[in-house]
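Reviewing the structure listed below.
Proteins get letters first, then strands, A, B, ... in listed order; numbering begins at 1 in each.
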Amino acid sequence: MLSEAFLLAGSKVRPNMAEDLNWAVGGEAGDGIDSTGKIFAQALSRAGRHVFTSKDFASRIRGGYTAYKIRTSVDNIQSVVDRLDILVALTQRTIDENLDELHEGSAIIYDGERSWEADIPEEMSAVDVPLKSLAEDAGGAIMRNIVALGAACEITGFDVEYLDEALEKRFGGKGSKIVENNKEAARLGQEYVEENYDLDLGYDLETTDNDYVLLNGNEAIGMGAIAAGCRFYAGYPITPATSIMEYLTGRIEEYGGHVVQAEDELSAINMALGGARAGARAMTATSGAGIDLMTETFGLVATSETPLVITDVQRSGPSTGMPTKQEQGDLNMALYGGHGEIPRFVVTPTSIDECFWKTIEAFNLAEKYQTPVFLVSDLAMSVTEQTFEPDAFNMDDVEIDRGKLVDEDEVDEWLDSQGRFRAHANTEDGVSPRAIPGTTDGAHMSTGLEHNELGRRTEEQDVRVQQVDKRNRKVETAKEQEEWDYREFGDEDADNLIISWGSNEGALVEALDYLEDDGVDVRVISVPYIFPRPDLSDEIAAAEETIVVECNATGQFADVIEHDVLERVKRINKYTGVRFKADELAEEITEKLSQEVPA
Amino acid sequence: MSAFNAIGDEREIDRDEYTPGVEPQPTWCPGCGDFGVLKALKQALPEVGKTPEEVLTVTGIGCSGKLNSYLDTYGFHTIHGRSLPVARAAKLANPDLEVVAAGGDGDGYGIGGNHFIHSARENHDMTYIVFNNEIFGLTKGQTSPTSPKGHKSKTQPSGSAKTPLRPLSMSLNAGASYVARTAAVNPNQAKEIIKEAIEHDGFAHIDFLTQCPTWNKDARQYVPYIDVQESDDYDFDIHDRAEAAEMMRETEDVLNEGTVLTGRYYVEEDRPSYTQEKKAVGELPDQPLAERYFDDDTEWERSYDLLDRHK
């Protein structure tokens with residue numbers, strides 16, 4: 001339970017609505033920052049606390065500063081805030097980078113025996129722990145971060161034993177001696193603080209019996225893919241999509257699947273296409289420039305009516321941009337990418353658990369409608385670890401629909417008068433039967449050229465129109481047959497409407513608390529489908545003010561909304577490379593509401 | 001027994017089964033070498049015991065891309081240069097399929113060159129036929145990667161400054177485990193080489209000389225041709241990489257001087273294919289990926305245990 005600590009923070013830091021603790025470890029790339037952070041996050045999760053993590057890859061100063069931040073609470077949390085309570089600083093820069101977020105009640109753990117002299121503001125608690133020496137006592141200097149975790153446990157009143165399981169998970173593969181040494185390192189850190197400091201900062205982390213799972217958005221996509229029956233993945237490494245490929249590798253094989261690393265993204269998407277043609281549920285995922293290369297194949301996927309899931313984990317662009325930074329700049333690419341007119345679906349999960357469900361939905365849409373499905377996530381979601389009730393991923397709720405896949409018995413219904421399979425039959429709903437190579441009587445051509453029902457190329461005008469209409473009709477069918485709902489938060493009857501897509505949802509939901517506190521009544525609509533998308537005409541008409549919130553500079557979704565309703569909306573755009581935070585978003589919304597709508 | 005009932009069908013196969021009812025007659029120009037590839041393939045496939053429905057032919061863009069329009073198998077016509085990734089992935093998803101990819105010299109050695117190198121390197125168990133006519137035919141006669149140095153065209157009016165790409169040498173160096181060159185004017189050799197390529201367990205590359213009578217009139221019709229295995233003038237061991245390399249280099253050099261050498265150049269029987277390598281380390285199941293869905297016992301193997309790992 002948090003005491004008055006945050007009240008000491010002063011005017012620059014706003015108190016948080018959830019009773020939470022904000023912890024971070026920071027140093028240089030290569031200091032083991034990520035794995036240290038993850039161990040603590042896992043320990044907190046196992047102790048029945050909610051966790052929401054974020055990563056800092058600051059580029060303000062030369063060098064390789066990186067930090068892993070954890071916000072933890074017994075309440076559900078889904079955003080980051082501008083406040084840091086406990087900081088494990090392996091470099092001075094880690095302190096400097098976070099001065100804005102540190103406050104009078106903050107404790108900074110550092111190693112005074114190291115060569116740098118810590119410059120820590122007087123009002124904060126400087127906790128000098130000989131991390132390296134104690135680590136050596138436990139068996140090796142490499143464990144100094146674990147010593148720091150032990151020290152953090154003491155300061156936060158968190159039982160050091162909770163680290164044990166996380167340490168076993170992390171180091172179990174390296175043998176019991178390594179695990180025991182790490183446990184010892186944690187205890188040495190904890191005992192050192194206990195013996196040498198008499199801190200009473202009021203942090204006392206409550207634990208619960210709740211059983212949580214901890215995962216990030218890319219892991220949720222990977223897990224969703226396997227649960228959806230994806231058995232073929234082709235990719236080319238690119239930040240931040242790579243971790244989907246890494247998640248699947250070593251796991252998908254257990255389910256009879258396979259991952260290939262292709263020579264480039266051109267190959268990756270075409271390999272995924274080839275796997276899909278041969279009958280496997282297939283996916284590729286990429287980011288940044290990778291989606292540009294893949295664009296070449298979008299039209300072929302749609303014209304050959306091949307089911308394919310294409311995941312784009314957006315990062316800051318254009319060009320190489322800021323590869324490790326957040327942005328939602330690829331919406332237009334997903335909606336309009338590729339020459340010609342390409343029927344497609346664009347699905348945009350709004351939270352980590354939704355990354356799982358929308359991935360499954362993407363595979364079903366792809367096979368039911370035999371067209372490309374773009375699953376558009378973003379960097380913020382991909383690197384954030386968050387706790388959930390295991391029920392949030394209830395596998396019994398997973399349904400698999402392979403659409404109009406036909407076997408050797410069903411093929412007969414789809415033959416023309418000369419016994420040829422009509423792979424692109426002009427059906428009422430636009431969806432044709434699909435026969436996989438190896439099926440008797442199902443042999444057919446398929447091509448990126450315009451073609452007739454048999455898949456044979458043609459430029460006859462009536463056939464061209466028939467096939468274009470047929471392919472587009474699939475989208476119309478899907479509009480009618482599928483649910484394209486939005487997610488809703490806040491006050492349904494509020495005059496102020498906030499619309500968002502993708503990962504901004506969590507910060508918006510938490511911003512509602514701040515806004516309520518300030519007497520601002522808001523309805524939040526979070527949109528997980530951009531094409532087809534829910535019709536928001538009534539909602540926008542009912543609102544006095546509408547603001548579209550997104551992480552890009554030009555307001556790509558706001559443009560789409562304005563086009564839909566033929567009315568101007570207000571926009572909140574962030575393109576610093578950092579995701580929205582709940583408190584800043586609340587302030588921005590309040591400010592935006594007081595402004596005139598642009599002409 | 002495969003879930004796909006056409007696979008492993010042992011019946012007698014008539015050549016005519018490979019001729020589609022829709023377009024029995026190709027629309028290539030009269031005298032085009034592409035007819036030779038089609039004919040050789042139609043002969044070879046039944047002779048190696050493959051029914052049309054257990055074969056997937058994947059083509060690129062160009063005159064050669066029409067191959068599977070005139071061949072009644074499962075056919076997939078990709079975009080320019082991308083036949084190989086599609087083909088090799090289909091083979092991975094269902095290794096029981098017989099997969100043949102085909103494209104022109106621009107498609108395979110130009111825009112798709114990276115895929116060619118990597119498909120050969122990875123030694124995917126498939127056949128790749130490159131229709132090499134040393135010209136871009138479908139777009140009406142521009143200089144291609146294999147056009148001879150000095151070749152004049154609308155895009156290179158003063159003659160190409162580039163030395164032609166060496167397809168056989170490139171293939172060998174990239175890692176293909178079967179490399180041959182044949183010519184449309186030598187149908188018997190072409191058929192035999194295609195049969196060998198299909199039966200070879202690994203990446204089999206055939207550089208198939210296909211004369212273009214319309215846009216490459218100056219070029220040879222690839223006659224007379226010499227079979228390096230038949231001729232007494234050439235003696236090298238196709239299992240010896242160094243000797244094969246030397247023979248390939250000579251073959252590529254003399255083509256531009258008017259001597260057409262053809263035959264088998266390199267065969268590496270023992271090199272495991274990509275599929276074999278991956279199966280050996282447990283990264284590819286014995287059961288084809290595409291078949292898993294038809295196994296009633298699989299129950300989609302839901303990922304409960306995956307979720308447990310996140311606790």
Side-chain angles (χ1 to χ4, degrees), chain A residues 45-46 211-215 219 223 226-227 229 231-232 234 251 253 255-258 260 262-264 266-268 270-275 277-280 282 296-297 300 304 390 393 395 398 400 402 408 418 420 436-449 454-457, chain B residues 2-7 9 20-23 52-56 58 68-69 72-79 81-82 84-94 96-97 114-115 117-118 278 282-285 287 289-294 298 300-308 310-311:
Chain A
S45 168
R46 293 313 290 253
D211 194 17
Y212 296 134
V213 290
L214 178 71
L215 70 172
E219 290 169 339
M223 194 165 73
I226 293 175
R231 294 296 175 263
F232 189 77
R251 288 183 173 86
E253 295 88 345
Y255 300 86
H258 185 62
V260 286
E263 61 271 26
D264 53 37
L266 299 166
S267 181
N270 281 287
M271 286 196 79
L273 170 60
R277 291 301 304 181
E296 181 194 62
T297 301
L300 176 62
S304 65
F393 306 94
M395 302 291 167
V398 176
I400 290 168
R402 300 207 73 190
E408 66 267 18
Q418 287 162 62
R420 297 169 305 208
I436 293 170
T439 307
T440 299
D441 291 338
H444 63 275
M445 261 303 288
S446 206
T447 168
L449 289 166
L454 300 174
R456 300 264 154 190
R457 67 186 185 286
Chain B
S2 171
F4 302 102
N5 59 338
I7 288 173
D9 196 340
V22 197
E23 285 178 286
E53 282 149 340
E54 55 188 330
V55 177
L56 174 67
V58 184
N68 43 10
S69 289
D72 204 3
T73 62
Y74 277 92
F76 194 73
H77 182 219
T78 70
I79 47 180
R82 314 291 170 232
L84 283 171
V86 174
R88 70 190 204 224
K91 182 72 180 182
L92 274 173
N94 192 352
D96 293 338
L97 287 176
N114 198 26
H115 309 312
I117 290 168
H118 288 273
K278 285 295 187 184
E283 289 184 5
L284 197 63
Q287 188 187 24
L289 310 182
E291 286 203 1
R292 203 89 176 177
Y293 302 95
F294 303 95
T298 309
W300 293 97
E301 295 161 301
R302 293 286 159 69
S303 42
Y304 289 102
D305 53 332
L306 285 180
L307 189 60
D308 287 343
H310 291 282
K311 280 181 180 167

Less than 4.5 Å to any heavy atom of chain A: does that hold for the side chain of [X], its backbone, both, or neither?
X	result
B/Ile79	both
B/Pro85	both
B/Leu306	both
B/Lys91	neither

Considering only heavy atoms, which portion of [X] lies under 4.5 Å from any heavy atom of chain B: side chain, backbone, both, or neither?
X	answer
A/Glu296	both
A/Asp211	side chain
A/Ser45	neither

What are the two closest non-hydrogen atoms of [X] and [Y], and how far apart are they?
X	Y	result
B/Leu97	A/Ala278	CD1-CB, 4.4 Å
A/Ala234	A/Met271	CB-CB, 3.7 Å
A/Met223	A/Leu215	CE-CD1, 3.8 Å
A/Arg402	A/Gly279	NH2-O, 2.9 Å

Heavy-atom pairs under 4.5 Å with chain B are the metric here; pick the option from [options] that has the most.
options	value
A/Glu219, A/Arg456, A/Arg251, A/Glu408	A/Arg456
A/Gly442, A/Gly257, A/Ser304	A/Gly442
A/Ile436, A/Leu449, A/Leu454	A/Ile436
A/Thr447, A/Thr440, A/Leu214	A/Thr440
A/Ala443, A/Gly455, A/Gly448	A/Ala443

Most contacts with chain A, counted as non-hydrogen pairs under 4.5 angstrom, among [options]:
options	value
B/Glu283, B/Lys278, B/Lys311, B/His310	B/His310
B/Pro52, B/Gly81, B/Ala290, B/Gly282	B/Ala290
B/His118, B/Glu54, B/His115	B/His115
B/Asp96, B/Leu56, B/Leu284, B/Val58	B/Leu284
B/Ala93, B/Ser69, B/Pro285, B/Pro20	B/Ser69
B/Val55, B/Asp72, B/Thr73, B/Asn94	B/Thr73

**OP:** Describe, in one word, how the ring planes of A/His258 and A/Phe232 are oriented to each other, choosing from parallel (under 30°), tilted (30 to 60°) and perpendicular (over 60°).
**Re:** tilted
Original post:
Within 45° of the ring axis of A/Tyr212 and under 6.0 Å from its six-membered ring centre, is that where the NZ or CZ of A/Arg46 lies?
Top reply: no
Original post:
Any sub-3.5 Å donor-acceptor pair from B/Tyr74's side-chain atoms to A/Thr439's backbone N or O?
Top reply: yes
Original post:
Between A/Arg457 and B/Glu23, is the closest basic N to carboxylate O distance under 4.0 Å?
Top reply: yes
**OP:** Please determine if A/Glu263 and B/Arg88 form a salt bridge, counting it only when a charged side-chain N lies under 4.0 Å from a carboxylate O.
**Re:** yes
Original post:
Any side-chain heavy-atom pair from A/Leu300 and A/Asn270 closer than 4.5 angstrom?
Top reply: yes
Original post:
Is the shortest heavy-atom distance from the side chain of B/Phe76 to the side chain of B/Val86 under 4.5 Å?
Top reply: yes
